[in-house]
2 protein chains.
Amino acid sequence: MSNLDQLKTELAGLQLEDNPQIVKQKSRDFFWYSPVLKQQLDHVTGDLVVTPKSEEEIIQVLKACYALDIPVTTRGAGTGNYGQAMPLSGGVILNLAELNKVKSIRPGVVVVEAGAIISKIDEECRAHSGQELRLHPSTYRTATIGGFIAGGSGGVGSINWGGLRDLGNVIRLRVLTMEAEPRVLELTGEDLHKVMHAYGTNGIITEVEMPLTAAYDWVDVLVGFDEFMDGVQFADRLGNQDGLLVKEIAPIAAPVPHDYFLRHKKFIRKDQSVVVCMVASFAMDAFAAFVRRNSKASILYRSDLADEADVKSLPPAYELAWNHTTLRGLRVEPGITYLQVLYPFPDQIEKVRTMVELLGDEVPAHLEYVRFDGKITCFGLPIVRYTTEERLNEIIKLHEDNGCPVFNPHRYTLEEGGMKQTDEVQLAFKKEADPKGLLNPGKMIAWEDPSYDYKSDKLFLFPGLQPA
Amino acid sequence: MSNLDQLKTELAGLQLEDNPQIVKQKSRDFFWYSPVLKQQLDHVTGDLVVTPKSEEEIIQVLKACYALDIPVTTRGAGTGNYGQAMPLSGGVILNLAELNKVKSIRPGVVVVEAGAIISKIDEECRAHSGQELRLHPSTYRTATIGGFIAGGSGGVGSINWGGLRDLGNVIRLRVLTMEAEPRVLELTGEDLHKVMHAYGTNGIITEVEMPLTAAYDWVDVLVGFDEFMDGVQFADRLGNQDGLLVKEIAPIAAPVPHDYFLRHKKFIRKDQSVVVCMVASFAMDAFAAFVRRNSKASILYRSDLADEADVKSLPPAYELAWNHTTLRGLRVEPGITYLQVLYPFPDQIEKVRTMVELLGDEVPAHLEYVRFDGKITCFGLPIVRYTTEERLNEIIKLHEDNGCPVFNPHRYTLEEGGMKQTDEVQLAFKKEADPKGLLNPGKMIAWEDPSYDYKSDKLFLFPGLQPA
Ligand SMILES: Cc1cc2nc3c(=O)[nH]c(=O)nc-3n(C[C@H](O)[C@H](O)[C@H](O)COP(=O)(O)OP(=O)(O)OC[C@H]3O[C@@H](n4cnc5c(N)ncnc54)[C@H](O)[C@@H]3O)c2cc1C
Ligand SMILES: Cc1cc2nc3c(=O)[nH]c(=O)nc-3n(C[C@H](O)[C@H](O)[C@H](O)COP(=O)(O)OP(=O)(O)OC[C@H]3O[C@@H](n4cnc5c(N)ncnc54)[C@H](O)[C@@H]3O)c2cc1C
């Protein structure tokens, strides 16, 4: 009997799926955003999908896989863009879709199972006590909270709260180790970063305690500009308005809004750049006063004054932003791809201008304003009109040479993606939590290649854990 | 019959008080913080206190006073520090203490009568739906919301939301004009600044619509440092932590905390500087991790782990901060006074160091970290060991010469106080709203002295209303 057959026997009471079509489907994520990854990972598939219903069932899976040397790759909703959830060495896809209960809600805090869909958590928190999560990816309606923490970085709300990297944006994680007898760890404070943005290579998150903030009616607003850089100035000033509560500010250069936002097209001229905003309903008077101060800004759409039919038929503003901008682009022009850039404070506006002038319509700008180390600045998720991998690498180098770090979304390892820095502490934890290296193999270079030099002056979103 | 007697007759149905002792008491505020103002204003008194119970009664008072040319000075709780509420020309003290109903609460918004005490508003909002005001003066338990808006600037919570000056921190004001037939104005957006921080010279605020935020359990924390500048570094970094929810960060130099915080003395060494913090209870793990990163910081007190007896007997942390620091100092050393300084971003730390080195123990530092134009920086309310007015003015000039604007709390006019810039728009509004100049006379130089040149390059917290 093969190891896999033995595993199936041992897990007979659990929900298993080995139909190769379905297994392959559940082995994929949004890696195809990258023409580079598409080529590298297209063939990847696991052998068996297991869908546990409880922590006990997960422990059962881990024990069995440990004994049989079978790799385990955890899956939330599979919306990652870098092949994070793809099982490079086959084995078990641990699908957490059914571990999705909201366990408790109190002022400022929700405790939830890792497989819960983010928008569902917010629905329950809002109904319970007018609360919601601080930040969420634009995949709000599909992604799991565990997948966000293990594979994401920030998103809508990061203009107020920074990113997952920031102390305080996750309170506690309950984590299972991959050992003969899996241990349950409760991580808080500094220790959280052992498993955050680690692609599930350092343990399985089963339960999450997250801070909440007040839930309001968020008004979707599109503000139009004839010149993209005027929109950037507007966005920058808006982000620096301390009393004007917004949840999202995304300047997007023409012709992207008109060409890719098909259902909003009627509000937008082809040569118009747009700043996509979400504004607290009670701040709309202040927001309108703020827009009036800027003679170059005009409100193209606001959901609080829109036709009911429009409001119903249009996607929410956050699904125009973050990596949904790229997704809408890919639907219209499958040949495009994107980058992930930081324009560091305090020169963000000048740096954006430089890159726009250098790259023009080959790389239409898309910015996301955020708080970063206490300052308002912007990330970029520019569209790239892709030609060759060489040219893509040139474009990346151009950014870096101009002082704009790139978090390369065309790499599937933690380190090369540029968000996560590994170091001795991270590696020592991996040795403890996954001594056989069975968790999502191939994603952490420091583990795969003992000669890998993880010391680097590069900027990492999630820096190493070694105390300075 | 004198005008005053006639007024009494006309207002016979209202709550009136003309006992000179009581009238004098209700004509005073905390002007005596300033040895300069103490001398100038000590004799000031009104003639009659009227305590209306409704907007209709206020209109009755205004009509009668207008017809009889009697000045009207509005009073909230009289906690202002610059003689704002003191009737320089006598007349009526319009005491709003009984106009204090919370009218409605919904997500993000409270509507309240102007005389409501700020902590009472929060109590109702918290009980109603777990909400609270964004910012409040340290006189939380005594000051009125109308007095805060008409005479204050910011305080606890300004680290998250900036100050009253910022668009969005007040939603709507209902205002009565001082005319033959008082009009009711509903001001929003840019127009709010016609009456904000105008000392009641431009109309009587009767109703206020304020934005709310989530109410949490705030943990009071004192963090100790051997060197004040280490505390400043800590405070600065803490303020720049995007995910760590705090409501107050105030570094205070030794020996102030030990010498003036009598009930906290037992936790503090005489040579220890302290950073006073309020931290969301669910952020305490993250806060503790943050403190551990800083080898020079030690937690002296945290209310969530304190003895019940301590928690009961100690004043709340916010009553160690803002102008309560000064108040506690005045109780121990009546000879001291204070200043109000801005240390502009991005050089705030260097500027603080410069002033500390220049002035030493003559001017012990007290900082208040805030958001200001989108950046984390600090105000100062340093203690001044007062000798003469000349020396006080020298100290002010030293600050200004070193790039630290002073909002002079030893002046009773709007303009000289340095927070409020008057201009044509402000003046035109005053002409409309108070054509006879009966509202709180003597406080707006631009009105009193038609030759006053209000153009100025000085920094004003509330700039002029003229569009740029
Ligand atoms: C259209 C689009 C928009 C996006 N917008 C954003 C955005 O705004 N911000 C952002 O940060 N990302 C964004 N992403 C990327 C991705 O959607 C997010 O990171 C998302 O939160 C991932 O959640 P998921 O449940 O799909 O995780 P998955 O893709 O299933 O998993 C992500 C990684 O986490 C691991 N993992 C999942 N669950 C666990 C667990 N319980 N324990 C341990 N490891 C686990 C997986 O193995 C994998 O390595 C976007 C992607 C798309 C396609
Ligand atoms: C110990 C101490 C600490 C303080 N801390 C702070 C602080 O942290 N932040 C801060 O900003 N200030 C602070 N102050 C100053 C003062 O307490 C605040 O500004 C406070 O909010 C004033 O409220 P009040 O009700 O006492 O107003 P009052 O002192 O009664 O009035 C203030 C001004 O507003 C006018 N006014 C009052 N009500 C109305 C109305 N309804 N319509 C029109 N005009 C009106 C008055 O005429 C007066 O000019 C402090 C003062 C003290 C003594």
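Here is how names work: the chains are called A, B, and so on, in the same order as the sequence lines, proteins then strands, and each is numbered from 1.
N160(B) touches chain A through its backbone: at least one of N, CA, C or O sits under 4.5 Å from a heavy atom, while the side chain does not. For Q241(B), the part lying under 4.5 angstrom from a heavy atom of chain A is the side chain only. Only the side chain of R293(A) comes within less than 4.5 Å of a heavy atom in chain B; its backbone stays farther off. In this structure, no portion of F287(A) lies under 4.5 Å from any heavy atom of chain B. When heavy atoms are compared at a cutoff of 4.5 Å, E209(B) does not approach chain A at all.
A donor-acceptor pair under 3.5 Å is formed between the side chain of D242(A) and the backbone N or O of D373(B). Of the possible polar contacts, one joining the R134(B) side chain to the G243(A) backbone as a donor-acceptor pair under 3.5 Å is found.
In terms of non-hydrogen atom pairs under 4.5 Å with chain B, the most contact-rich of I171(A), I376(A), V370(A) is I171(A). Contact tally against chain B (heavy-atom pairs below 4.5 Å) for G163(A), P346(A), A214(A), P211(A): the top residue is A214(A). Of the residues considered (D285(A), D191(A), L192(A), L135(A)), D285(A) shows the highest number of contacts with chain B, using heavy-atom pairs under 4.5 Å. Contact count versus chain A (heavy atoms, under 4.5 Å) is highest, among D217(B), V170(B), L164(B), T188(B), for T188(B).
Closest approach of V109(B) and F282(A) over heavy atoms only: CG2-CB, 3.4 Å. Of all non-hydrogen atoms in L167(B) and A286(A), the two that sit nearest each other are CD2-O, 3.6 Å. Of all non-hydrogen atoms in A289(B) and G189(A), the two that sit nearest each other are CB-CA, 4.1 Å.
Between the CZ atom of R106(A) and the OH atom of Y216(B) there is a distance of 11.0 Å, given to the nearest 0.5 Å.
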Side chain to side chain contact (heavy atoms under 4.5 Å, CB included) evaluation trace for K375(B) with F345(A): CA-CA 11 Å; K375(B) 315 295 182 299; F345(A) 180 87; 3.6 Å; yes
